[in-house]
Each structure stands twice: as structure tokens, then as C-alpha cells.
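Sequential numbering from 1 along the given sequence is applied to the chain's residues. No experiment lies behind these values; they were computed from the predicted model shown.
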Amino acid sequence: MALPCGEVNRQLFPVKLMYFFFFAGQGAILPFIPVYMRQLGLSATETGIIYGVMPFVAFFVRPLIGVLSDKIQNHKAVLIVCVLLTGVLYNLLLLTPTKQTHDNSALAITVHMQCSHDDSFIRDCMVAHGGCEIGLKQALDATNLTEISKTCVFQCSVERDSIKAGSTCFTADIGTLSGVTCGSVLNIGDDFMFQSDVKGILANEIQMGNSSYRSHACTDYDLKNLTFNGTNYWQLLCESETLFNCKLHCTPEISQKCMSTIVSDDKLSETFWIFFIIYLFCSIAISPVTNLIDAIAYDILSDKRRSWGRQRLWGTIGYFIFAVASTFVMDAISQNTNSVDYSVSFYIFLALLVSSCVVGYFLKLSENIHCGQLFKNILGLLKYPKVVVFLIAMACYGIMNGVIEAFLFWYLIMLGASQKILGLCLVFQCVPEIIMLQFAGKIIKRIGHMSCLHIACFGYAIRFFCYSIIPGPWYVLPVELLHCLTCALMYAAASSFVSEISPEGMSATAQGLVGGLYFGFGKGIGSLVTGQLFDAGTGLGPVLTFRIYGGFAITVLLVYGAVHFAFFRVATSDKETASYRQAGKEKSAKGAAEKLLCAGDGAAVEMRDRTKPC
């Protein structure tokens with residue numbers, strides 16, 4: 001039977017099912033691993049380490065397992081074992097104990113107090129909702145406390161980096177420190193408590209524009225009329241300009257649970273090490289699976305390798321369906337609880353991977369796939385400046401991808417996102433991506449590879465800057481439409497471009513190296529660095545971190561564009577172009593499978609083939 005997109009081949013049905021089940025399993029759990037780490041109590045730094053180290057592990061393990069498969073000459077058996085181990089090992093993550101913390105069980109209202117010899121004021125900041133501390137106005141909105149008591153107790157201590165010299169003066173007089181009489185005097189550095197009319201404070205907003213503290217948007221309020229040790233005073237003055245951190249104790253108290261824990265020290269926790277070790281074995285098991293499936297698929301396709309994209313498309317469909325569905329399932333079973341139950345997604349993941357193993361058992365292949373000299377080919381590629389510059393650019397793109405993949409959902413939950421919003425976020429990412437993949441080939445042909453790469457880089461910059469200014473999680477949805485540019489169009493252009501600039505006979509090696517730098521090296525660096533920056537307590541905070549990466553994207557765009565147009569814009573000769581194109585062709589399906597298996601990433605070919613019309 002013939003259809004517009006080709007002939008239906010029943011022999012390829014197991015290949016489609018293999019892709020569908022395996023990638024559906026990935027969709028059920030992999031997008032939520034970072035937020036699951038967060039729920040366990042791991043800090044942004046710890047998450048960045050875990051999420052950053054694993055791509056490097058996969059980058060080196062993948063070709064080694066490929067060599068092992070060649071050695072025993074049973075790729076199907078290696079595939080089934082790796083898939084089954086992946087399903088079991090990921091479920092062992094459920095055994096990771098929640099990180100033990102100090103008394104951080106409930107949200108605490110916090111403000112900052114700036115005190116000088118002229119006056120004092122309260123700085124109330126919109127802290128990203130997800131920690132144990134929250135701003136005053138934010139707490140009122142988040143907890144629906146409309147009848148908060150008139151007076152709250154402020155428990156204040158000096159900020160650790162602030163000056164701790166001089167004295168603190170409580171006075172009933174109007175004026176500066178030099179012209180008033182102090183009713184009570186404390187040494188700066190001593191902790192103290194006072195009471196004040198919160199509604200009165202919020203009515204005295206200082207109209208000088210918004211301020212900021214550690215990248216959080218803040219509003220300043222004049223501090224007047226307070227009570228210390230039972231005595232009423234007009235104001236609080238300090239001999240030296242000092243910043244205090246103050247916790248508020250109001251009635252009724254906030255009863256909401258913390259949505260994350262605060263790291264009590266700089267040491268890596270026991271929870272971190274347990275999760276790290278299990279996830280390390282997970283990464284080792286899953287790293288070669290995609291390439292083994294791709295290589296086996298090409299072997300089965302034989303001389304019909306151009307239809308590979310239509311087989312792999314079923315993996316994308318499975319990923320999309322189960323990624324979105326699992327968010328709504330988790331949301332439904334986690335109603336009226338203070339945490340999300342991720343266990344159901346782990347169980348779905350295991351069931352889908354077991355189904356993938358069953359399908360894999362019935363795959364029929366020739367068992368004659370062999371691995372080439374990968375590392376020798378990579379060294380050969382590094383002799384060509386144009387290729388080296390492009391590979392560096394791809395590593396930079398990978399860094400930006402690693403930031404979003406590891407910490408976007410983390411940030412959205414800090415803003416108060418529900419599982420439904422995370423699911424909709426995936427919808428807004430995947431649907432435009434699938435559409436883009438159908439037209440990417442025509443777009444690349446019309447405006448060129450470099451224009452597409454530059455557009456994608458600019459798209460990354462827009463995404464990062466938008467993340468830094470969105471006031472709530474719902475606002476991220478239109479921003480995620482840009483995913484079709486930063487992922488689909490970018491990788492389609494990259495895989496096509498590298499096939500043109502690669503020397504003859506090295507196209508498959510270059511494709512694999514691009515995938516390794518993007519999904520491995522770059523992603524790892526992005527996760528590691530962002531983990532250090534993301535924590536507002538020890539780093540710069542999420543807002544400033546996203547703005548830094550926005551600037552990084554603009555810098556990559558300008559530098560790579562300038563280098564390319566200054567040194568590599570000259571068109572290649574007809575002979576050289578023909579050589580480049582010939583390098584991207586395979587003489588047989590066996591050769592394609594060999595190079596894909598050894599190169600380390602079949603996604604490059606996936607993007608290239610799926611951009612072609614049916």
C-alpha cells in the first residue's frame with residue numbers, strides 16, 4: 001500500500017515502537033529530574049554539580065560501550081541490557097533520602113533594614129518564591145492573610161558583610177543622630193527585636209523608584225513609630241551605615257511549608273552523594289542507548305536509510321505525549337499535599353523501558369556493525385580552523401542549553417509554578433519544534449546556515465533576558481515558543497553546516513563531535529557554572545544569572561559572527577564543495593551505522609533528515 005509519504009513497511013514497525021517506547025520513557029521523567037533534586041533538598045550548587053558532571057561521563061562512556069558491542073558482536077544484547085539497567089537504576093533514585101535541614105519547616109517573612117545617622121528604612125524584596133524566606137508584601141499575597149495584625153515583631157541581626165562598628169540609637173526626637181537624644185543605645189552587631197505597625201510602614205513607600213538586593217526587585221519604606229523594650233520611639237538611627245536582616249513574627253503566623261531547603265553549610269550532603277552515585281550509574285547505562293538504536297535502525301533500513309527520520313519521529317511523538325501527560329498525572333495525585341509525588345513518573349518510565357526491551361528482542365539485524373577509528377578522525381578534524389571555530393561555537397550553544405535544561409523548571413517552581421504549568425511549558429516547547437523541523441530545510445536553504453545559527457543565538461539571548469524579568473510562571477509560556485529557534489532550527493542548521501565544512505570522509509565523525517560538544521561538554525559546563533551562580537545565598541541569584549547568560553549569548557553572537565565573516569565567508573570552490581558534500585554521504589547502510597555508533601550522537605542526523613520533505 002502506498003501513501004503520500006511513502007510505502008508502509010511492516011518490518012520497520014518494531015523500529016518505530018523501539019523509538020516510541022524509549023523516548024516516551026525519557027519524556028515521563030527526565031525533564032523533571034532537576035526539580036526532583038530540588039524537592040529532595042539539594043541546593044542549586046549540588047544540582048549543578050550532578051547535572052554538570054553526567055554529560056562528561058556520557059561523552060566518554062558512549063564510544064567505549066560501542067567498542068564493547070563490537071568486541072562481543074551482539075549489539076542487540078548490549079542494547080537490551082543497557083535499557084533494562086536504565087529503567088531499574090533510575091527507579092533506585094526514589095530511595096534517596098530527603099536532605100535533613102534545621103528548623104526550616106515553615107515560610108518566614110523577611111525584610112532588610114538600612115540604617116544610617118540620617119534615617120532608617122525597610123527594604124522589602126520580592127524573593128523568588130521557593131525558599132524558606134519570603135518578602136512581606138509577597139507573603140500577604142501568597143498566603144491570603146488579609147487580616148494581618150497591626151503590629152509585628154522584627155527580629156534583626158546585622159548582615160554578615162555589613163559594618164559592625166558604632167552604635168544603634170532608638171530616639172523619640174526628629175532629626176539626625178548628631179541632634180537627637182538616644183533613649184536606648186545598642187552596639188552595632190548585637191541582635192535585637194522591636195515592634196512596629198506593618199500597615200503604617202507599607203503606607204510610607206519611598207517614591208524613589210525600585211531598588212534591588214542580590215538581583216531581587218525591592219521596594220523601600222520609611223521606618224517610623226516603633227517600640228523597643230516597651231517604649232515607643234519615633235525612629236532608629238545608626239552611627240555607621242548598616243544593613244540588618246530582619247525576620248517578622250506576625251499573627252496569624254504563616255503555616256505554609258517551605259518549598260525548598262536552605263543549605264546550612266558549605267559541605268556536600270549525604271543526600272547529594274547518594275543521588276550522585278546512583279545517577280552516575282544511570283548516566284553510564286543510558287549513554288549508549290540512543291546511538292545503539294540508531295545504528296541498529298540503519299542496519300535494518302539497509303538501502304532505505306533516507307527514511308530513518310520517519311522512524312525517529314515516533315520517538316519525538318512518544319516523548320511529547322508522555323512528558324505532558326506525566327505532569328498532569330503528578331499534579332492530580334499531588335493535590336492537597338505540600339510536595340509533588342514523582343514516583344508515578346519513575347514507574348511509568350520503568351514500564352515503558354521494559355516495553356522497549358521486549359520490542360528490542362524482536363529486532364532483526366545483521367550483527368555486522370563495526371566501529372571505526374573515532375579518536376584518530378577527531379584529531380584529523382582539528383587541523384581545519386573553520387571546523388574548530390564552529391565546534392567552539394557549538395560548545396557555547398551547549399552551555400546555554402545546559403542552563404535552561406537544568407534550571408528553567410527549578411526557577412519556575414521558585415516563582416510558584418504548578419506541575420500543570422511545567423506541562424504547558426513542554427507543550428509550548430515541543431509543538432513549535434515539531435513544526436519547525438518540517439520547514440527548517442527550506443528556511444536554511446533560503447537564508448543560509450550562518451543566519452539560522454545567529455538567529456538561534458539571538459533567540460537564546462531573548463529567552464534569558466525574558467526569564468530575568470517575568471513576574472510569574474505563566475509569563476514563561478510565550479517565551480518558550482522561541483525553543484523552536486534555539487533548538488530545532490539551530491541544530492538542523494548546525495548538522496547541515498558541519499556536513500558541508502567537514503573534510504571528505506569525516507562527516508559522520510564531525511556530526512558526532514558536534515553532538516558531544518553540544519549535549520555533553522557544553523551542557524556540562526553550563527550546568528556546573530549555573531549551579532554556583534543560581535543560589536541567591538552564595539551566588540548571584542537567578543535573575544542576575546539569567547541576565548549574565550543573556551549577555552553571554554549576545555557576546556557569542558557578535559564574536560562568532562565577526563570571526564566567520566572576517567575569515568570564513570569566502571565561498572569554497574566547486575571542487576571543495578563537492579568534496580564536502582561527498583563526505584556527508586555514506587556508501588552503504590552498514591557504513592552509516594558504524595559511524596553513528598562510534599561518533600556518539602545520532603541526533604545530528606535526526607535533525608538533518610527530518611528537515612527533508614516526505
Within the structure provided, determine whether [X] and [Y] are in side-chain contact (heavy-atom separation under 4.5 Å).
X	Y	answer
Pro97	Ile274	yes
Tyr51	Pro34	yes
Leu408	Val476	yes
Leu85	Ile284	no
Lys420	Thr327	no
Thr86	Val83	no

Quiz item: When rounded to the nearest 0.5 angstrom, what is the spacing between CD in Glu46 and CE in Met37?
Solution: 10.5 Å
Quiz item: Which value, rounded to the nearest 0.5 Å, describes the distance between Leu482 atom CG and Phe428 atom CZ?
Solution: 12.5 Å
So, for [X] and [Y], which heavy atoms are closest and what is the spacing to 0.1 Å?
X	Y	answer
Met436	Ile443	SD-CD1, 3.7 Å
Ala553	Cys457	O-SG, 3.1 Å
Pro14	Val359	O-CG1, 3.2 Å
His483	Gln429	CD2-O, 3.5 Å
Gly550	Ala461	O-CB, 3.8 Å
Leu481	Pro432	CD2-CG, 3.7 Å

Self-check item: Atom OH of Tyr475 with >12 non-hydrogen neighbours under 6.0 angstrom
Solution: no
Practice problem: For atom CZ of Phe281, decide whether the heavy atoms of other residues, nucleotides or ligands shown that lie under 6.0 angstrom number more than 12. | Solution: no
Side-chain donor-acceptor contacts of residues 344-357 below 3.5 Å, not counting sequence neighbours, with atom names and distances?
unit_1 : atom_1 : unit_2 : atom_2 : d
Ser345 : OG     : Ala28  : O      : 3.3
Ser355 : OG     : Ala351 : O      : 3.0

Practice problem: List the steps and the verdict of side chain to side chain contact (heavy atoms under 4.5 Å, CB included) for Leu42 and Ile50. | Solution: CA-CA 10 Å; Leu42 297 178; Ile50 294 174; 3.9 Å; yes
Self-check item: Verdict with supporting geometry, Trp314 and Ile317, side chain to side chain contact (heavy atoms under 4.5 Å, CB included)
Solution: CA-CA 5 Å; Trp314 286 94; Ile317 294 172; 4.3 Å; yes
Practice problem: Please work out which of the three classes, parallel, tilted or perpendicular, describes the rings of Tyr279 and Tyr90, given edges at 30° and 60°. | Solution: perpendicular
Exercise. Classify the ring geometry between Tyr342 and Phe32 as parallel (under 30°), tilted (30 to 60°) or perpendicular (over 60°).
Key: tilted
Exercise. Indicate yes or no for a side-chain donor-acceptor contact from Ser468 to the backbone of Phe465 under 3.5 Å, with no hydrogens or angles considered.
Key: yes
Quiz item: Hey, does the side chain of Thr530 reach the backbone of Ser527 with a donor-acceptor pair shorter than 3.5 angstrom?
Solution: no
Practice problem: Please assess Phe272 against Phe276 for the test ring-ring contact (aromatic ring centres under 6.0 Å, His included), listing each intermediate value before the final yes or no. | Solution: CA-CA 6 Å; Phe272 166 84; Phe276 181 90; 5.7 Å; yes
Exercise. Ignoring hydrogens and angles, state whether a donor on the side chain of Thr486 or Arg463 is under 3.5 Å from an acceptor on the partner side chain.
Key: yes
Exercise. Start with the C-alpha gap between Tyr319 and Phe23, add the side-chain angles, then the distance that decides, and say whether ring-ring contact (aromatic ring centres under 6.0 Å, His included) holds.
Key: CA-CA 5 Å; Tyr319 184 96; Phe23 284 96; 7.5 Å; no
Quiz item: Are the aromatic ring centres of Tyr460 and Tyr549 under 6.0 angstrom apart?
Solution: no
